[in-house]
Engineer: 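My questions all concern the structure below.
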2 protein chains.
Amino acid sequence: MPTKPIPDIVVGRLPVYLRALSFLAAEGVQTTSSQDLGKRLGISAAQIRKDLSHFGEFGKQGTGYNVNFLREQIRRILKVDREWSIALIGIGDLGRALAHYGGFVDRGFRIVALFDVDPAKIGQRIGELEIMGMDKLAEVVRGRSIQVAMIAVPAAQAHQVAEQCFSVGIKSILNYAPITLQAPEGALVQHTDPVTHLQRMTYYL
Amino acid sequence: MPTKPIPDIVVGRLPVYLRALSFLAAEGVQTTSSQDLGKRLGISAAQIRKDLSHFGEFGKQGTGYNVNFLREQIRRILKVDREWSIALIGIGDLGRALAHYGGFVDRGFRIVALFDVDPAKIGQRIGELEIMGMDKLAEVVRGRSIQVAMIAVPAAQAHQVAEQCFSVGIKSILNYAPITLQAPEGALVQHTDPVTHLQRMTYYL
DNA sequence: TAGATTGTTAATCGATTAACAATC
DNA sequence: TAGATTGTTAATCGATTAACAATC
């Protein structure tokens, strides 16, 4: 009896719930409810309960949810109760900003390797890390069991860089280039492009 | 007879279509079809035709769509056939990267003002722009009719900064802080947080 | 106990897909 | 003309919401 897969749209909301729970935990809040969370996130209470019910029972009638407990459960479900190593490819302005960003580590991710094609950049250091040429990608990805990459290269190069990543065993790519990439069978690509968000908003202005 | 509002999920796909059409135009491609676009974007051809049908008829039976024509139509629908002025608030690593990013202008947006609370940063220049204190926000937003802001401040300050933006007349915020912000009636907030994307992917790993 | 809130069911709502006449 | 592709309708599929028994 194969279990029904969880809808991707539900999976996509879990990180948002997790973020809110971490915020509440940091504030010292012990308990929350689907209603309280829903109000904070602009989501209906019923939807939050329904979403969570795909994974188990985490609350108590009359009381709600223990913030730390639910947080730990979602961390486990999303597999961010560990640290994922990330390769960052493309060390321009955005790549540098990502390399400096301190918000990855306590949410389950650590950039452990930097890559660029520009010979002028190769060998430079950012913090602890040295920028490497793409010829080192296979070796580093395999050696450090990296499964996740972030791509911050120009649009014209993104497709080729993604191919290279997949060919050396990367399973997930977060793509910052403003172009839609195809993921091969068994791999995943997520896109993040500020302009698409802005354009979605101007429609309503 | 009030027209039915276009589903937001459809509006959200238009920027993706536009991005693909701009790519094709740059490649010199004259004509495309719902099937071709769908293949490139990982979306069904039927969905693309259905989405476009909310706004009018843009294609020709047997031929498909003229790339430049459809591109112009979507630019018009999304209102990015003009240039929107943007205020960028929070000039840390990410804010700096956004300030340097060259990809806004040809897609309808221009950062025209930089703000930070740090006295050490106020007065510094990035390119043509000088970083200003938040006390100048109201004046600049009104003076330059700015309707869109990007917030790249730490999570702890994001809520307050957003309130300030809305209070001086900003209608749309693209929020880079890892926290969910509420938009007041008549305003819009879009969130962009790399970690939520990464966490969504690790679920499947 | 009385009040609150969960997890779940069934109903509703909305989005996607399949199919096809129209027609370039 | 023959082949291709649109725009649209109806059917299907899936997601959200409302309601409520269970129970803390």
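Below, read A as the first sequence line, B as the second, and so on, with proteins coming before strands; counting in each chain starts at 1.
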Engineer: Working to the nearest 0.5 Å, report the span between CG of A:Leu70 and CZ of A:Phe58.
Structural biologist: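 One gets 7.0 Å once the value is rounded to the nearest 0.5 Å.
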Engineer: Go along nucleotides 9-15 of chain D 5' to 3' and tag each nucleotide: B for a protein heavy atom under 4.0 Å from its base, S when only backbone or sugar atoms are that close, - otherwise.
Structural biologist: B-----S
Engineer: Taking atom CZ of A:Arg82 as the centre, does the number of heavy atoms from other residues, nucleotides or ligands within less than 6.0 Å exceed 12?
Structural biologist: yes
Engineer: Under 4.0 Å between a side-chain N or O of B:Arg49 and OP1 or OP2 of D:dT6?
Structural biologist: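 Looking at the OP1 and OP2 atoms of D:dT6, one of them is under 4.0 Å from a side-chain N or O of B:Arg49.
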Engineer: Looking only at heavy atoms, what is the nearest atom pair of A:Ala25 and A:Arg71, with distance?
Structural biologist: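 Heavy atoms of A:Ala25 and A:Arg71 come nearest at CB-CD, 4.3 Å.
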Engineer: Can you run through DNA chain C from 5' to 3' and write each base as (, ), [, ], | or . depending on how it pairs? Watson-Crick or G-U wobble, both distances under 3.5 Å.
Structural biologist: ..||||||||||||||||||||||
Engineer: Suppose we screen for side-chain contact (heavy atoms from CB on, under 4.5 Å). Which residues come up paired with B:Ala26, at least two apart in sequence or across chains?
Structural biologist: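 Once residues adjacent in sequence are excluded, B:Ala26 has no partner under the side-chain contact (heavy atoms from CB on, under 4.5 Å) criterion.
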Engineer: Going through the checks in order, is the side chain to side chain donor-acceptor pair (under 3.5 Å) test met by A:Arg40 and B:Thr180?
Structural biologist: CA-CA 7 Å; A:Arg40 289 172 184 277; B:Thr180 301; over 6 Å; no
Engineer: Return the residues of residues 20-32 of chain A meeting this criterion: a heavy atom under 4.0 Å from some atom of DNA chain C. Order them by number, or give none.
Structural biologist: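 Those residues whose heavy atoms fall under 4.0 Å from DNA chain C, taken from residues 20-32 of chain A, amount to none.
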Engineer: Any ion pair linking B:Asp81 and B:Arg76 (charged N to carboxylate O, less than 4.0 Å)?
Structural biologist: no
Engineer: Ignoring hydrogens and geometry beyond distance, is a side-chain donor-acceptor pair present between A:Arg144 and A:Ser85 at under 3.5 Å?
Structural biologist: no
Engineer: Please report the distance, rounded to the nearest Å, between CG in B:Asp51 and C1' in D:dG7.
Structural biologist: 13 Å
Engineer: Is A:Arg107 salt-bridged to B:Asp193, going by a charged N under 4.0 Å from an acidic O?
Structural biologist: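 A salt bridge links A:Arg107 with B:Asp193.
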Engineer: Crowded around A:His54 NE2? As in, over 12 foreign heavy atoms under 6.0 Å?
Structural biologist: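 Yes - once you tally the heavy atoms of other residues, nucleotides and ligands closer than 6.0 Å, there are more than 12.
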Engineer: Check each residue of residues 35-46 of chain B for a non-hydrogen atom within less than 4.0 Å of any atom in DNA chain C, then write out the ones that pass by number, or none.
Structural biologist: B:Ser44, B:Ala46
Engineer: Between B:Gln190 and A:Pro194, is there a donor-acceptor pair closer than 3.5 Å when you use the side chain of the first and the backbone of the second?
Structural biologist: no
Engineer: Take atom NZ of B:Lys79 as the centre, draw a 6.0 Å sphere, and report whether it contains more than 12 heavy atoms from other residues, nucleotides or ligands.
Structural biologist: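 Enclosed.
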Engineer: Would you check, one step at a time, whether the test side-chain contact (heavy atoms from CB on, under 4.5 Å) holds for A:Tyr204 with B:Asp8?
Structural biologist: CA-CA 10 Å; A:Tyr204 296 98; B:Asp8 180 58; 2.6 Å; yes
Engineer: Got a sec: does the CD of B:Gln35 have more than 12 other heavy atoms crowding it under 6.0 Å?
Structural biologist: no
Engineer: Please determine whether side-chain contact (heavy atoms from CB on, under 4.5 Å) holds for the pair B:Asn175 and B:Thr192, giving the CA-CA distance in whole Å, both sets of side-chain angles, and the decisive distance to 0.1 Å.
Structural biologist: CA-CA 6 Å; B:Asn175 172 42; B:Thr192 178; over 6 Å; no
Engineer: To the nearest Å, give me how far apart CZ (B:Phe55) and C1' (D:dG7) are.
Structural biologist: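 Taking atom C1' of D:dG7 as the reference, CZ of B:Phe55 is at 15 Å.
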Engineer: Are A:Glu139 and A:Lys136 close enough for a salt bridge, meaning some N to O gap below 4.0 Å?
Structural biologist: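 Not counted as a salt bridge, because no side-chain N and carboxylate O are separated by less than 4.0 Å.
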Engineer: Going by number, which of residues 59-79 of chain A have a non-hydrogen atom under 4.0 Å from DNA chain C?
Structural biologist: A:Gly59, A:Lys60, A:Gln61, A:Gly62, A:Thr63, A:Gly64, A:Tyr65
